[in-house]
Amino acid sequence: MACSGGLDSTTLCRLLNSININFAIAHCNFSLRGKESDLDEEFAENLSKNLSVPFFSQKFDTEKYAIDSKISIQMAARELRYKWFEEVLETQNFDFLLTAHHADDSLETFLINLSRGTGLKGLTGIPEINGQIIRPLLPFSREEILRYASKNKIKWREDESNSQTKYLRNQIRHKIVPELKELDENFLQNFNKTQSNLQQSGNLVEDYLQLIFNSVVTENFDGYTISISKLKEFPNINSILFELLSPFGFTDFTALLELLTAQSGKQIFSNSHRLLKNRDTLLLSIASEENKLEFFEIQENTSEVSIPIELKFEEVESVKNSSQNAIFVDADKLQFPLTLRKWKDGDTFQPFGMKGNKKLGKYFKDEKLSLVAKQKIWLLCSGEKIIWIVGLRAENYFRIEENTKKTLQITLKSPFYYE
C-alpha cells in the first residue's frame, strides 16, 4: 500500500486494516519540503506500527533526478516512486500495489490530458486495475473520503504544497473543478459515467486495432514491418496510425502522415523507437544510440574505438591484401580528427583501384544493397574525403604507394553483414 501520510492514503490504510487485509505500507520521501517531508515519513512509520503492518521507506533526491533527467519535479517524483514500488513488489514478493487515487484525481487527469491534446486513452482517466496496480478508491470522491475520515476520527498529514497553484494539477483542482461542480452538483457522478462509456469505447477500439494489427503488421528480426498498402485499405488511417504507433512514443500526426508518402530512407524517432520508410513499408525498431547519433570523432593516436562500430588502428611495416574488413592507408594523407558518419545524398568517392569518382547512391545500387543494408553503413572520413565505406570499399586516394612512409591498417573488429 503506497502511503504518503495524507488523507486519501491514510484512510485507505485504515480501511484495509478494518477488513483484515494483509498489507504493508510503502512510503516515499521525496526530500522536497525539508523537515516536513521527514515528518511525513515519521507519521507513515508510526501508522504502520499502530496497525502492526510492515513498513518500507525510501528517500530520494528528487530535484537532482529531475535536473539530470531534464524533466519536471512532478514527473521525476512519479518515475522514482513507481520504479521503487516495482522493486518492493519483486523483492518482497507482494502480489499488488494499492494506491489511493479517487474520482477527483481521475477528473483532474482527464482535464490535464485534454488541455495538452490527447487521444481516447488519455481521456479514459486513471484505470482501476493496471497490471499489479489497484486503485480501490476510484469510485469515491475526495469529499466522500473526507466525510468518512472525519466521522471515524482518522488523523492524517496535510501537505501545504497541495494548496499551491504553481502546478497545473493544483490549478485545475482549486480553480477549475470547483467551478464545474458548482454548475451541476452531480457533475462528478456524470463524469464517472462518461469515463465508463469512454473506457468501453476504448475496449472496442482495441479489439478493432488488434484485427488491423494482425492484417498490416508482421514481426521481423529487430522489430515490426507495417505494410502501407494494406494500411490504406482501412478507413480513418490517421486515427489508426496514431493508435498503432503512439504506444511506441510517436504522437506527431503530421510527421507520421508525411512518412507515408516520403521517399525511402526517411526516418523519424521517438524517445524509444525509430520508424523508417522502406519502399511500401514502415520499419519499426528500438532506437539505439547508433542510429540516433550520426557523427563521431576519432582523435590521432587512437588505437581502438567501440562506438558506433568496433575499429582497430595499427601502424604496420608490411601490407597484406586489403579486404572488406581490413584496409591499408597512407597515414600521412590523413587529416585528424577522423570522423565516422552516416552517408548522405551527394556523397562521392573514388573506389579503390578505379578511375573517376562515383556517387555512393549509384555504388549502392550497383552493389544491389537493400534499404536496410544502406541504413547500416558507416563512412570513415578524413576531412571531406571518404577513407572507407566500412565493410565494403576503400577510397583510392589513401592507397599505399612506393613513396609511402607510414602505413596504417584499419580493421573492422566485429564484421557485420549487408543484406
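Remember, predicted model here, so these are calculated numbers, not experimental data.
By the neighbour-count criterion of 12 heavy atoms within 6.0 Å, atom CG of Asn22 is sparsely surrounded, having that number or fewer from other residues, nucleotides or ligands. Around atom CD of Glu401, more than 12 heavy atoms belonging to other residues, nucleotides or ligands sit under 6.0 Å away. Other residues, nucleotides and ligands contribute only 12 or fewer heavy atoms inside 6.0 Å of the CZ atom of Phe96. Within 6.0 Å of CZ in Arg78 there are 12 or fewer heavy atoms belonging to other residues, nucleotides or ligands.
Residues Arg341 and Cys381 form a side-chain contact, since some pair of their non-hydrogen atoms from C-beta on lies under 4.5 Å apart. Residues Tyr397 and Gln350 fail the side-chain proximity criterion, which asks for heavy atoms closer than 4.5 Å. Within the 4.5 Å cutoff, the side chain of Phe296 has no heavy atoms near those of the Val305 side chain. Annotation: side chain of Leu111 is not in contact with side chain of Phe191 (no heavy-atom distance under 4.5 Å). Side-chain contact check for Thr411 versus Glu314: every heavy-atom pair is 4.5 Å or farther apart. For the pair Trp388/Val329, no side-chain contact is recorded, criterion being any heavy-atom separation below 4.5 Å from C-beta on.
Separating the OG atom in Ser215 from the CG atom in Leu209 is a distance of 12.0 Å, to the nearest 0.5 Å. Here OG1 of Thr281 is found 9.0 Å from CD1 of Ile226. Values are rounded to the nearest 0.5 Å. Between atom CD of residue Glu243 and atom CG of residue Asn238 there is a gap of 12.0 Å, rounded to the nearest 0.5 Å. Taking CG of Asn403 as the reference point, atom CG of Asp330 lies at 7.0 Å (rounded to 0.5 Å). Note that CG of Leu275 and CD of Gln267 are 9.5 Å apart. Values are rounded to the nearest 0.5 Å. With rounding to the nearest 0.5 Å, the separation of OG1 in Thr109 from CD1 in Ile126 is 3.5 Å.
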Does His102 form a side-chain contact (heavy atoms from CB on, under 4.5 Å) with Asp8? I'd like the steps, not just the answer. CA-CA 8 Å; His102 47 70; Asp8 312 323; 3.2 Å; yes
Any chance you could lay out the side chain to side chain donor-acceptor pair (under 3.5 Å) test for Ser69 and Glu79, step after step, and finish with the verdict? CA-CA 10 Å; Ser69 304; Glu79 288 186 6; 5.1 Å; no
Apply side chain to side chain donor-acceptor pair (under 3.5 Å) to the pair Glu158 and Trp156, showing each step before the final yes or no. CA-CA 7 Å; Glu158 288 288 357; Trp156 65 88; 3.0 Å; yes
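Under 4.0 Å is where a charged nitrogen must lie from a carboxylate oxygen, and between Lys35 and Asp38 no such pair does. Arg33 and Asp159 are joined by a salt bridge, as a carboxylate oxygen and a charged side-chain nitrogen come within less than 4.0 angstrom of each other. Between Arg135 and Asp105, no side-chain nitrogen of the basic residue sits less than 4.0 Å from a carboxylate oxygen of the acidic one, so the salt-bridge criterion is not met. A salt bridge is absent between Lys359 and Asp345: the closest approach of a Lys/Arg side-chain nitrogen to an acidic carboxylate oxygen does not fall below 4.0 angstrom. Ion pairing between a basic and an acidic side chain is recognised when a charged N comes within 4.0 Å of a carboxylate O; Lys413 and Glu304 show such pairing.
Contact record, Thr124 with Gln199: O-NE2, 3.1 Å, taken as the closest heavy-atom pair. Nearest heavy atom pair, residue Ser4 against residue Asp40, reads O-CB, 4.0 Å. When every heavy atom of Asp104 is checked against every heavy atom of Arg142, the shortest pair comes out as OD1-N, 2.8 Å. Scanning both residues, Arg173 and Val177, for their nearest heavy atoms gives O-CB, 4.0 Å. Pairing each heavy atom of Pro54 with each of Ser48, the nearest pair is O-CB, 4.2 Å.
Between Phe55 and His27, the angle of the ring planes stays under 30°, which puts this pair in the parallel group of the 30/60° scheme. The aromatic rings of Phe30 and Phe60 sit parallel to each other, their planes meeting at less than 30°, with 60° as the upper class boundary.
A side-chain contact (heavy atoms from CB on, under 4.5 Å) with Val390 holds for exactly one of Leu340, Ile327, Ile410, Ile377; it is Leu340. Of the candidates His174, Gln74, Glu108, Glu108 is the only one forming a side chain to side chain donor-acceptor pair (under 3.5 Å) with Arg169.
For the residue pair Ser106 and Gln195, a side-chain donor N or O sits within less than 3.5 Å of a side-chain acceptor on the partner.
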